[in-house]
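Every chain is numbered from 1 and lettered A, B, ... according to where its sequence line falls, protein lines coming before strand lines.
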Amino acid sequence: MIQLDTLNDMQKEAVLSTEGPLLILAGAGSGKTRVITNRIAYMIEDGINPYHILAITFTNKAAAEMRSRVDNIVGFGSESVWVSTFHSLCVRILRREIELLDYDTHFTIYDADDQKSVMKQVVKRMNLDNKMYPERTLLNEISKAKEQFISASAYAKEAGTDFRRQQIAKVYEEYQRQLKSSNALDFDDLLFKTVELFQFYPDVLERYQERFQYLMVDEYQDTNHIQFLLIRQLAQKYKNLCVVGDDDQSIYRFRGANIYNILNFEEEYPDTKVIRLEQNYRSTGNILKAANGVIHNNKGRKDKALWTGQGEGEKVVFHQYDSDYQEAEQTVWNIRKLLEDGISYGDVAVLYRTNAQSRMFEERLILANVPYKLVGGVNFYARKEIKDLICYLKVIENGSDDLCVQRIINVPKRGIGAASIEKAALFAYQNQMPLLDALFHVEEIPSLARAATKIKGFTRLVEELREELSSGEPLTILFQSILDTTGYLEELELEGTPEAEARIENIEELKNKIAQYEDSAEEPSLSGLLEEIALVADIDSMSEDDDKVVLMTLHSAKGLEFPCVFMVGLEEGVFPSGMVMYSENVEEEIEEERRLCYVGITRAKKRLFLSAARQRMTRGNLQMNAISRFVSEIPDEIITVAGNAVKRDMETKRPVKPQISNVYTAKPSYGKEFVVTRATDIDYGVGDRVRHIKFGEGEVTALVSGGRDYEVTVNFDRVGIKKMFASFAKLQKI
DNA sequence: AGTCAGCGAGTTTTT
DNA sequence: CTCGCTGACT
């Protein structure tokens, strides 16, 4: 049931305006999600078939959040509403339709890493000097083109007589050819190909226009041109398009977000109804004043003033420390002090500009025995062992994926060297066939006579695994077979180093993730699993319930809120980033940084702590930084400046060093753990009954302390004896 | 084929 | 500081 009486007038107006174009300018914390979910609920109550409703969000986390809130409020029929990110929407469409564009429906999705590998090959094949043409630059250029819906041939035409751009055009073409022959799409292609599909096949477009008669787009200020095009295509027929956004929170310009999509929405869609949500329900008055004070310095924004009915609350606190080390130590100490005020760890977030800044905080948190989770950084799925194993899955699914084949053909070592792979790749290239096919015909390649036996071993392996898949084995079993038959685990176990141990743990976690997927998906399939892995970032799976301090970048924090926020590293050259000072359009980029600052400040509900360091180590050398300009933009009367008094504090009031027991004290960024989990809070022992998310109930038969974790052996009622690491298994005592 | 030392280069933010 | 590449050696 929708709750109209809990909404303010503006929110109500937004909920009730279901027909025609609607622009909702929703300030930070103005109850945006509530409006969207209630609007969906109202539409359904009003007789609109939920089947015709599509809500697009920016992140999977936001999508999941909206999904559950819609389910809660709507009741019957809510499952027919599509809630999706741009990228997963496109994947779902393309899986059905991409054969029209001459791709196979089992296409794989390449991440940044894969893109880089492909580009490396392209550069090599074209004999380009990679000093002049670094992969990064090329990929950036191509990505920018795709965001503008500029194809390789269009790019070539535009290049004119500019030699460099002509070269890039050739790279673009070759890169696309390579992806095509691997039956792969990169992130940008997902959008690009969908828009292309709709352009070439108006009848297909019309089907989707009929399907999605009511569209809603969240975080509209972050959409780029191709997303704009996609929305325009879909909305063209019925024009029931509701976009929600806040130009002050546009922080993805570097990724092609076009702020004019929202600023010019009214021109693009005549008769747009505009609704402003300016009452903030999240933060205290002082926090809002700080935010307004900062963002006020930006030009070219839709002027608005957030206000709150809440009291002023505490003042914002600012500290300048002597060093980055001290900043981290003091921040952790401040967090511990908050506990005395009844704040819990889960209420606290530490936000910084770059991922590299997380390290020192991790170290100090570990030493202080404060539980925390790190969001972002090196993606779990980007780690070597995880990528390797996923490549096995990908090759089973899509044999055209040359990149994956190359990655795993000699992992673990099978004695197939670079030279042999090169020969096979050449043969495949000349005969226009996927590398894997060439390998299957290895006896026809004379130059590979010597390596033939070894290669056959590999192809037989792939064949066996494919048979297993087609015989309908569950994915968990298939994955276990990969581990067993390739000897991947075995090799790591033999190594016995701490690194290898960490990798084994990661593999265990991957196994759990697969089990989780299989458990929760409606129709689990290998392609579904791979899709989820490709599109779901770590932040999306951030569980809400555990009581840990959160560490993340300001970008990752968008859309979230915390009672207490620490914004650290507020220094010129750090935030605003040193990069923007040297760019061509300094002013614009500073404004983007300022919006980022605004986003950070408005994450805080009750308490906001800002800090800077006089000196910090950056890439090996010491830097002296001035206090960020953003600090001085906050009105004096609401800020408490605490100077160096801190140092004395530390000496006299320093908390007793916590006892370290069962605590993982290894260097945090070692292997770039994204969550350092402790096994301290095991509440079960041998003989207890426990529940596992996948395996059900069972009895603990052994508990062995293995270094920094426990290895638990459980005899499950359904599936028998399993060994697992306590920190990953998340067993519940019953 | 595989390993390892040594050197040079690059580091914002991410679906 | 840390990655990634190169080239020499086992």
Side-chain angles (χ1 to χ4, degrees), chain A residues 56-63 84-91 109-113 115-117 120 124 130-131 134-137 139-140 143 146-147 185-191 219 222-224 226-227 250-257 351-360 375-379 381-382 384 410-422 450-451 454 534-540 552-559 569 573-583 589 592-593 595-597 599-600 616-623 667 669-672:
Chain A
I56 299 177
T57 63
F58 219 65
T59 65
N60 292 289
K61 187 178 171 63
S84 170
T85 64
F86 274 104
H87 294 271
S88 44
L89 169 72
C90 290
V91 172
I109 303 164
Y110 277 1
D111 64 16
D113 238 45
Q115 287 180 286
K116 212 175 146 196
S117 312
K120 222 176 255 177
K124 204 170 154 196
N130 47 354
K131 296 256 158 48
E135 288 118 27
R136 266 197 71 83
T137 316
L139 284 168
N140 265 330
S143 176
K146 287 181 180 174
E147 274 159 9
L185 303 182
D186 66 18
F187 270 111
D188 300 311
D189 282 340
L190 295 176
L191 275 300
E219 307 281 15
D222 285 326
T223 51
N224 60 28
I226 196 144
Q227 289 164 336
S250 164
I251 55 174
Y252 284 109
R253 219 178 59 122
F254 73 92
R255 202 170 65 190
L351 308 182
Y352 35 78
R353 179 66 236 271
T354 66
N355 280 308
Q357 287 167 261
S358 70
R359 197 173 177 146
M360 198 155 281
V375 177
V378 173
N379 192 310
Y381 296 108
K384 185 187 175 300
N410 200 29
V411 177
K413 306 252 178 315
R414 300 190 177 88
I416 304 171
S420 306
I421 298 172
E422 195 70 25
R450 201 125 58 92
K454 290 165 180 165
L535 297 177
V536 176
D538 283 344
I539 185 173
D540 304 324
M552 63 179 131
T553 62
L554 288 153
H555 282 87
S556 302
K558 200 177 72 162
V574 177
F575 186 35
S577 152
M579 300 295 286
V580 313
M581 263 55 126
Y582 299 101
S583 69
E589 302 222 8
E592 170 124 336
E593 297 278 305
R595 290 193 291 271
L596 189 55
C597 184
V599 167
R616 82 171 49 237
M617 283 291 254
T618 320
R619 50 172 188 259
N621 47 7
L622 206 56
Q623 282 197 327
K667 283 229 165 188
S669 298
Y670 166 62
K672 306 233 159 84

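For C:dC1, neither phosphate oxygen OP1 nor OP2 lies less than 4.0 angstrom from any side-chain nitrogen or oxygen of A:T618. One finds no side-chain N or O of A:S577 lying less than 4.0 angstrom from the OP1 or OP2 phosphate oxygen of B:dT13. The shortest distance between the side-chain N/O atoms of A:R359 and the OP1/OP2 oxygens of C:dT2 is below 4.0 Å. Between A:N224 and B:dT15 there is no side-chain polar atom (N or O) within less than 4.0 angstrom of OP1 or OP2. Between C:dC5 and A:K120, a contact under 4.0 Å exists linking OP1 or OP2 to a side-chain N or O.
Look at CD on A:Q357: it is 17 Å from C1' on C:dT2, rounded to the nearest Å. If you measure from atom NE2 of A:H555 to atom C1' of B:dT13, you get 4 Å, rounded to the nearest angstrom. Atom OH of A:Y381 is separated from atom C1' of B:dT14 by 17 Å (rounded to the nearest Å). If you measure from atom CG of A:N355 to atom P of B:dT11, you get 15 Å, rounded to the nearest angstrom. As a whole-Å value, the separation of A:I251 CD1 from B:dT14 P is 9 Å. The distance between atom CZ of A:F58 and atom C1' of B:dT14, rounded to the nearest whole Å, is 9 Å. The CG atom of A:L139 sits 17 Å away from the P atom of B:dT15 (whole-angstrom rounding). To the nearest angstrom, C1' of B:dT12 lies 14 Å from CZ of A:R616.
Taking the six-membered ring where the residue is Trp, the centroids of A:F254 and A:H555 are separated by under 6.0 Å.
Within the 4.0 angstrom heavy-atom criterion, only backbone atoms of the sugar-phosphate kind lie near A:Y252; the bases stay farther away.
For B:dT12, the base is not stacked against the aromatic ring of A:F254, per a cut-off of 5.5 Å between centres and 30° between planes. By the 5.5 angstrom centroid cut-off and the 30-degree plane limit, A:F86 is classified as not stacked against the base of B:dT15.
When the C1' atom is used for both B:dT13 and C:dG4, the distance is 23 Å, rounded to whole Å. Remark: the separation of the C1' atoms in B:dT12 and C:dC5 is 25 Å, to the nearest Å.
Side chain of A:E592 to backbone of A:R253: a donor-acceptor contact under 3.5 angstrom is found. Listed for the A:D186 side chain is no donor-acceptor partner under 3.5 Å among the backbone atoms of A:I109. Side-chain atoms of A:S117 come within 3.5 Å of backbone N or O of A:D113 as a donor-acceptor pair.
Residue order along DNA chain B, read from the 5' end via each residue's closest nucleotide, puts A:P134 first among A:P134 and A:L596.
Considering only residues two or more places apart in sequence or on other chains, A:N224 meets the side-chain contact (heavy atoms from CB on, under 4.5 Å) condition with A:E147, A:I226, A:Q227. The side-chain contact (heavy atoms from CB on, under 4.5 Å) check on A:M617 picks up A:D324, A:L622, with sequence neighbours excluded.
Annotation: the span from A:L554 atom CG to A:I251 atom CD1 amounts to 8.0 Å, rounded to 0.5 Å.
Side chains of A:N355 and A:T553: a donor-acceptor N/O pair is absent below 3.5 angstrom, by distance only.
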Under 3.5 Å between N/O atoms: give me all the protein pairs with nucleotides 1-3 of chain B, atom names plus distance.
| unit_1 | atom_1 | unit_2 | atom_2 | d |
| --- | --- | --- | --- | --- |
| B:dG2 | OP2 | A:N410 | ND2 | 3.3 |

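The A:R255 side chain lies nearest to B:dT15 when the options are B:dT11, B:dT15, B:dT13.
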